[in-house]
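Heads up, the thing below is written out as structure tokens.
Here the structure is a predicted model, which is why all the values come from computation and not from measurement.
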Amino acid sequence: MQQRTLLFIDDDKVWLRTVKELFTQYKYHVLVADNPLLGLSIAKSSKPDCVLLDLSMPGLDGAAVAARLRSDPELMTIPIIVVSGADEKELDAYREYQADGFFLKGSSYEKARVMIDGLLRRVDWDRGVIRRGDLSLHRESLSVFRNSKFLTALPPAYFWFLFLLMERTPEFVSEAEICARVLKINPDSDKAANVKIIAHRLREKLGLQVGRRIKSKKAHGWIYVPPRNLITE
């Protein structure tokens, strides 16, 4: 699974130890900062996928940290989840601190996990990215990344074929739909031959390990099948 990085900024060191251990078990890469200035420094250097920010901290409070994150062109699009022990702060989190989510301390950590996953899916969609396990596709550059490392750039037809299969996994995609949506040809043509050609060439571009994930089944169509030890999103 492709790891996503979370940054927790909170002056409660016990809470930081707890969330670091727990969210590491959830397969995130977890960074922690026990003071706001350290948190801003880590955010700048590491570009986390999501920041979970305590409101009440000595020195620079959560509102000031959020304002600095939102004013930095490199950090302004990172989702911020405000963390507080006071549920009456929720509306302020959205109105005053430009937060994307609110987590009440003492609530289920699973709730925070679901919120984080939802925010990251939305960010990916806005950026034109689709992720399944260790692979991500970037629409703007027509590129494939594996474990966050560049794998290959694809011609448009190859890219959209793979995009369609990954988008629909674990379901099959019919050859007629592939012809209509990807190849832009009449589905009544020799669709089986056309799809097989593009599938063969795509596998070559992806290499053996990734290419063999693209499979077909007679009367069902084509499918992207990640290894069993990978968790799809």
Side-chain angles (χ1 to χ4, degrees), residues 1-6 23-29 47 49-50 77 79 110 113-233:
M1 179 179 179
Q2 186 164 353
Q3 263 194 330
R4 314 300 291 274
T5 298
L6 307 180
F23 282 85
T24 298
Q25 293 175 6
Y26 286 158
K27 307 302 182 184
Y28 291 102
H29 177 221
K47 309 295 190 301
D49 294 293
C50 184
T77 61
E110 185 64 25
R113 181 186 183 185
V114 170
M115 185 186 306
I116 293 166
D117 287 346
L119 286 173
L120 295 182
R121 279 194 299 270
R122 191 183 72 195
V123 169
D124 281 345
W125 182 254
D126 290 343
R127 294 175 180 173
V129 178
I130 183 173
R131 301 176 191 269
R132 293 292 183 270
D134 61 340
L135 282 196
S136 62
L137 304 185
H138 296 240
R139 288 184 288 182
E140 184 175 345
S141 60
L142 302 182
S143 298
V144 183
F145 288 76
R146 186 182 185 194
N147 292 320
S148 299
K149 297 180 180 179
F150 176 78
L151 180 63
T152 185
L154 297 173
Y158 300 7
F159 180 86
W160 292 113
F161 178 39
L162 180 58
F163 191 98
L164 178 60
L165 297 186
M166 288 178 60
E167 184 180 44
R168 296 280 286 277
T169 189
E171 299 176 357
F172 283 88
V173 182
S174 70
E175 290 177 342
E177 184 175 354
I178 294 168
C179 286
R181 292 185 57 183
V182 176
L183 304 182
K184 309 298 183 183
I185 60 176
N186 189 330
D188 294 332
S189 63
D190 190 359
K191 55 182 180 291
N194 284 291
V195 175
K196 283 180 181 177
I197 290 171
I198 193 174
H200 173 72
R201 293 175 178 170
L202 174 59
R203 287 176 178 135
E204 288 182 334
K205 292 284 288 183
L206 295 174
L208 180 62
Q209 285 190 330
V210 177
R212 63 188 178 189
R213 302 178 187 181
I214 300 169
K215 303 179 184 295
S216 64
K217 187 175 182 180
K218 191 174 181 179
H220 287 78
W222 293 78
I223 191 171
Y224 173 79
V225 182
R228 292 183 179 179
N229 64 329
L230 295 178
I231 301 173
T232 57
E233 297 180 0

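- Here the shortest heavy-atom pairing between Y28 and L6 reads CG-CD1, 3.6 Å.
- Inter-residue side-chain proximity for L206 and I214 is flagged as met; some heavy-atom pair is nearer than 4.5 Å.
- The local environment of CD in E110 is crowded, with over 12 non-hydrogen atoms from other residues, nucleotides or ligands closer than 6.0 Å.
- Considering CG of L142 and OG1 of T152, their distance stands at 11.0 Å, rounded to 0.5 Å.
- Distance check: R131 CZ to R121 CZ gives 12.5 Å after rounding to the nearest 0.5 Å.
- Atom CD1 of I197 and atom CG of L183 lie 9.5 Å apart (nearest 0.5 Å).
- Between the side chains of R213 and Y224, at least one donor N or O sits under 3.5 Å from an acceptor N or O.
- N147 contributes atom CG, which lies 12.5 Å from atom CZ of F145 (distance to the nearest 0.5 angstrom).
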*Run the side-chain contact (heavy atoms from CB on, under 4.5 Å) check on F172 and E177 step by step: do they pass?*
CA-CA 10 Å; F172 283 88; E177 184 175 354; over 6 Å; no

*Apply ring pair (Phe, Tyr, Trp, His ring centres under 6.0 Å) to the pair F161 and Y158, showing each step before the final yes or no.*
CA-CA 5 Å; F161 178 39; Y158 300 7; 8.8 Å; no

_Worked check of side-chain contact (heavy atoms from CB on, under 4.5 Å) between V173 and R181_ = CA-CA 11 Å; V173 182; R181 292 185 57 183; over 6 Å; no

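- Of all heavy-atom pairs spanning I223 and P170, the tightest one is CD1-O, 3.3 Å.
- Counted within 6.0 Å of CD on E140, heavy atoms from surrounding residues, nucleotides or ligands total 12 or fewer; the atom is thus considered open.
- Atom CD in Q209 sits 10.0 Å away from atom CG in L151 (nearest 0.5 Å).
- Going from atom CG of L162 over to atom CZ of R132 covers 11.0 Å, rounded to the nearest 0.5 Å.
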*List the steps, then state whether side-chain contact (heavy atoms from CB on, under 4.5 Å) holds for I130 with E167.*
CA-CA 7 Å; I130 183 173; E167 184 180 44; 3.8 Å; yes

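- In terms of heavy-atom proximity, V182 sits nearest to A157 at CG1-O, 3.3 Å.
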*Worked verdict on I116 versus Y26 for side-chain contact (heavy atoms from CB on, under 4.5 Å)*: CA-CA 11 Å; I116 293 166; Y26 286 158; over 6 Å; no

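- The main-chain N or O of I198 is never found under 3.5 Å from a side-chain atom of H200 such that the two would form a donor-acceptor pair.
- Between the side chain of R4 and the main chain of D49, no donor-acceptor pair closer than 3.5 Å is present.
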